[in-house]
Amino acid sequence: MSTAEAPVLEATLDGGFGVYVHWPFCQSKCPYCDFNSHVRHGAVDQPRYARALVRELETLAARTADRSPRSVFFGGGTPSLMEPATVAAVLGAIDRTLGLPGNAEITLEANPSSVEQARFQGFAAAGINRVSLGVQSLYDAELVRLGRRHDAATARAALAFARRTFSRVSADLIYARPGQTLEAWSAELTEMLDLAGDHLSLYQLTIEPGTRFFDLARAGKLVVPQDDLAADLFELTDALTRQAGFARYEVSNHARPGGEARHNLVYWRGGRYLGIGPGAHGRLAQGDRRVATATIHNPEAWLAAVEANGHGLEVDEPLERADIGAETLLMGLRLAEGIDCDTYDRRAGAPLDAQRIRSLAADGLLEQRGRRIVIPDSARLLTNAVVRELLP
Ligand SMILES: C[S@@+](CC[C@H](N)C(=O)[O-])C[C@H]1O[C@@H](n2cnc3c(N)ncnc32)[C@H](O)[C@@H]1O
Ligand code: SF4
């Protein structure tokens with residue numbers, strides 16, 4: 001059988017399978033954030049949302065061939081605002097419908113406020129074994145500027161408490177902030193590396209359309225570091241994390257050996273994931289197709305749809321092989337391990353353009369390692385441009 005005729009499903013059975021659960025509520029909206037997050041002043045009816053999440057899970061689980069997810073990820077929004085009973089209800093339903101292996105990685109994104117720390121033990125009892133803590137900065141003035149509700153002392157305490165409570169802990173920091181110098185970032189990251197568990201997500205601040213920072217930037221009232229400084233900050237980040245025993249395995253993600261986020265690897269390696277909750281995306285193995293799903297963003301509209309129809313899907317479509325190939329490039333080339341050209345061929349049904357690979361390699365933008373292609377560290381900040389060049 002030629003690669004063009006190979007069934008799509010066969011070509012997507014690698015990469016693993018995980019479940020994503022979106023909790024869309026936050027206590028306030030941070031001025032840089034364009035995630036699907038909403039502030040509700042009245043109490044959120046958690047038992048009702050829990051029932052809807054379970055119902056949508058049951059609907060989608062009945063459609064997909066995958067079982068035994070290797071990971072579950074509660075993302076947001078602010079999932080640490082969930083009651084532990086809500087988390088437990090969802091995990092119980094995942095186990096009932098799909099079978100949840102004892103060694104699955106089960107992550108919850110948490111904000112470091114004291115209210116949320118009070119729930120950590122309840123989350124651990126519900127089955128959470130990994131927490132991803134949104135620290136963002138270790139300086140009080142920066143936290144105020146980022147619109148955060150916690151101060152640096154609370155973040156340090158939350159990290160220490162999380163490390164005592166969960167077997168694995170990650171923390172997020174945002175750098176390349178307005179006015180940030182190399183010296184200031186060096187001091188902040190060095191302190192973070194002392195406090196860190198097995199994983200760090202270090203994001204350069206991006207100014208997203210529709211956010212308050214976007215309006216400020218457009219009005220000239222907020223200026224982020226430009227190319228040269230951003231590149232120096234990126235290199236400094238690499239050097240300091242490496243010295244501390246962390247490897248950058250993805251553009252913004254660093255782990256001690258074995259500490260990589262297994263759930264996110266499912267996305268980057270082109271695996272399948274079942275996504276439930278408002279605004280969740282999924283990639284399901286259905287028959288011999290890879291199906292893209294996305295649910296309604298607005299929480300109340302999603303809730304009403306699930307209660308009426310058993311799901312809140314607004315996108316539900318099989319992907320063409322060319323789309324699967326494009327996703328493989330977009331996601332896989334973010335990884336330090338890059339992508340395997342044979343896997344790409346099987347998924348896309350056609351090989352990559354060898355001439356373009358050679359020319360990118362000659363320009364130092366791509367490395368060929370046997371059958372793998374990898375973006376070298378020196379070209380990391382050009383990842384999107386390299387991917388665009390390779391897209392058929
Ligand atoms: C879903 S969000 C946040 C989870 C949690 N609600 C919190 O705020 O801690 C995941 C992470 O994306 C990062 N992030 C969000 N918007 C960003 C932006 N505009 N630029 C860079 N990083 C961003 C933050 O580090 C954040 O912790
Ligand atoms: S950064 Fe986190 S807490 Fe802030 S609005 Fe976005 S999701 Fe909510």
Side-chain angles (χ1 to χ4, degrees), residues 20-41 44 73-82 107-117 119-120 123 128 130-139 142-152 154-156 158-159 162 169-178 180 185 188-189 192 196-197 199-218 222-225 230 233-234 237 250-254 261 263-264 267 275 277-281 297 299 334 381 384:
Y20 177 76
V21 184
H22 193 80
W23 187 257
F25 303 111
C26 293
Q27 284 184 301
S28 52
K29 184 79 184 173
C30 303
Y32 53 84
C33 176
D34 78 338
F35 283 82
N36 185 33
S37 61
H38 305 260
V39 179
R40 294 289 178 264
H41 293 295
V44 169
F73 194 98
F74 290 85
T78 306
S80 47
L81 294 175
M82 294 171 88
T107 306
L108 180 131
E109 275 181 347
N111 285 22
S113 82
S114 43
V115 183
E116 287 149 307
Q117 282 181 59
R119 295 202 184 100
F120 280 8
F123 292 141
I128 299 296
R130 181 173 181 273
V131 150
S132 171
L133 210 55
V135 173
Q136 320 308 0
S137 173
L138 290 172
Y139 295 137
E142 293 296 318
L143 288 166
V144 170
R145 236 186 336 168
L146 290 169
R148 302 294 292 183
R149 301 172 68 91
H150 63 272
D151 60 14
T154 311
R156 290 188 192 98
L159 258 170
V169 174
S170 180
D172 293 354
L173 285 183
I174 297 181
Y175 72 106
R177 300 185 303 253
Q180 193 174 32
W185 174 231
E188 188 175 13
L189 180 55
M192 180 46 111
H199 192 277
L200 287 175
S201 299
L202 306 171
Y203 300 108
Q204 291 211 348
L205 177 64
T206 50
I207 303 298
E208 306 286 356
T211 62
R212 198 135 49 81
F213 272 12
F214 186 82
D215 297 338
L216 289 172
R218 218 173 26 183
L222 184 151
V223 182
V224 291
L233 286 162
F234 189 81
T237 304
E250 192 268 349
V251 179
S252 309
N253 285 280
H254 306 251
H263 185 80
N264 292 1
Y267 303 148
H281 289 245
H297 279 69
R334 299 183 63 83
L381 288 176
N384 292 343

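On a predicted model such as this, the values are computed, not experimentally measured, just so you know. Values reported hereafter were calculated over all heavy atoms of this structure, with side chains retained and with hydrogens, waters and symmetry mates removed. Numbering of ligands and ligand atoms starts at 1, following listing order.
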Checklist line | Residue selection (non-hydrogen contact nearest atom 6 (N) of ligand 1) among G77, C26, G76 | finding: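 It is G77 that holds the nearest heavy atom.
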To the nearest 0.1 Å, how far is [atom] from its closest protein heavy atom, and which atom is that?
atom	result
atom 3 (C) of ligand 1	E109 OE1, 4.2 Å
atom 16 (N) of ligand 1	Y32 CD1, 3.4 Å
atom 5 (C) of ligand 1	N111 OD1, 2.9 Å
atom 6 (Fe) of ligand 2	C33 SG, 2.3 Å
atom 2 (S) of ligand 1	F35 CE1, 3.9 Å
atom 8 (Fe) of ligand 2	C26 SG, 2.3 Å
atom 3 (S) of ligand 2	N111 ND2, 3.3 Å

Numbering the atoms of ligand 2 from 1, which are under 4.0 Å from a heavy atom of [X]?
X	answer
G77	7 (S)
Y32	1 (S)
T78	3 (S), 8 (Fe)

Atoms in ligand 1 with a heavy atom of [X] nearer than 4.0 Å:
X	result
Q204	20 (N), 21 (C)
I174	22 (N), 23 (C), 24 (C), 25 (O)
L205	20 (N), 21 (C)
T78	6 (N)
G134	9 (O)
D172	10 (C), 11 (C), 25 (O), 26 (C), 27 (O)

Note to self: Can you tell me how the ring of H263 sits relative to the ring of Y267, calling it parallel under 30°, perpendicular over 60° and tilted otherwise?
What the structure shows: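 Taking Y267 first and then H263, their aromatic rings stand perpendicular (interplane angle over 60°).
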Notebook entry, point to check: Is G134 in contact with ligand 2, taking contact as a heavy-atom separation below 4.0 Å?
Noted result: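 Contact absent.
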If you measure from each non-hydrogen atom of [X] to ligand 1, which part falls under 4.0 Å: side chain, backbone, both or neither?
X	result
Q27	neither
T206	both
Y203	side chain
Q136	side chain

Checklist line | Side-chain donor-acceptor contact under 3.5 Å, S137 with E188 | finding: yes
Note to self: Under a plain distance cut-off of 3.5 Å, with no hydrogens placed, do S201 and N253 share a side-chain donor-acceptor pair?
What the structure shows: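 There is such a pair (donor and acceptor under 3.5 Å, judged by atom type) between the side chains of N253 and S201.
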Note to self: R148 versus ligand 1: do any nitrogen or oxygen atoms come within less than 3.5 Å of each other?
What the structure shows: yes
Check: Based purely on interatomic distance, does D34 place a nitrogen or oxygen under 3.5 Å from a nitrogen or oxygen of ligand 1?
Finding: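 No, there is no polar N/O contact under 3.5 Å.
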Nearest-0.5 Å distance that lies between atom [atom1] in [X] and atom [atom2] in [Y]:
X	Y	atom1	atom2	answer
I174	C33	CD1	SG	8.5 Å
T78	F25	OG1	CZ	11.0 Å
L205	L222	CG	CG	7.0 Å
K29	F35	NZ	CZ	9.0 Å
W185	M192	CH2	CE	8.0 Å
S113	R148	OG	CZ	9.5 Å

[X] side chain to [Y] main-chain N or O, any donor-acceptor pair under 3.5 Å?
X	Y	answer
N36	P278	yes
R334	S252	no
E109	L133	no
T154	H150	no

Notebook entry, point to check: Taking everything shown except R212 itself, do over 12 heavy atoms lie less than 6.0 Å from its CZ?
Noted result: no
Notebook entry, point to check: Is it true that some N/O/S atom of C30, main chain or side chain, lies under 2.8 Å from atom 6 (Fe) of ligand 2?
Noted result: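 Here the distance criterion (N, O or S atom, under 2.8 Å) is not met by C30, so no.
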Check: Would you say the side chain of D151 lies within less than 4.5 Å of the side chain of Y139, judging by non-hydrogen atoms?
Finding: no
Notebook entry, point to check: Which part of R148 is near ligand 2, with near meaning a heavy atom under 4.0 Å away: side chain, backbone, both or neither?
Noted result: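 Contact part for R148 vs ligand 2: side chain (C-beta onward).
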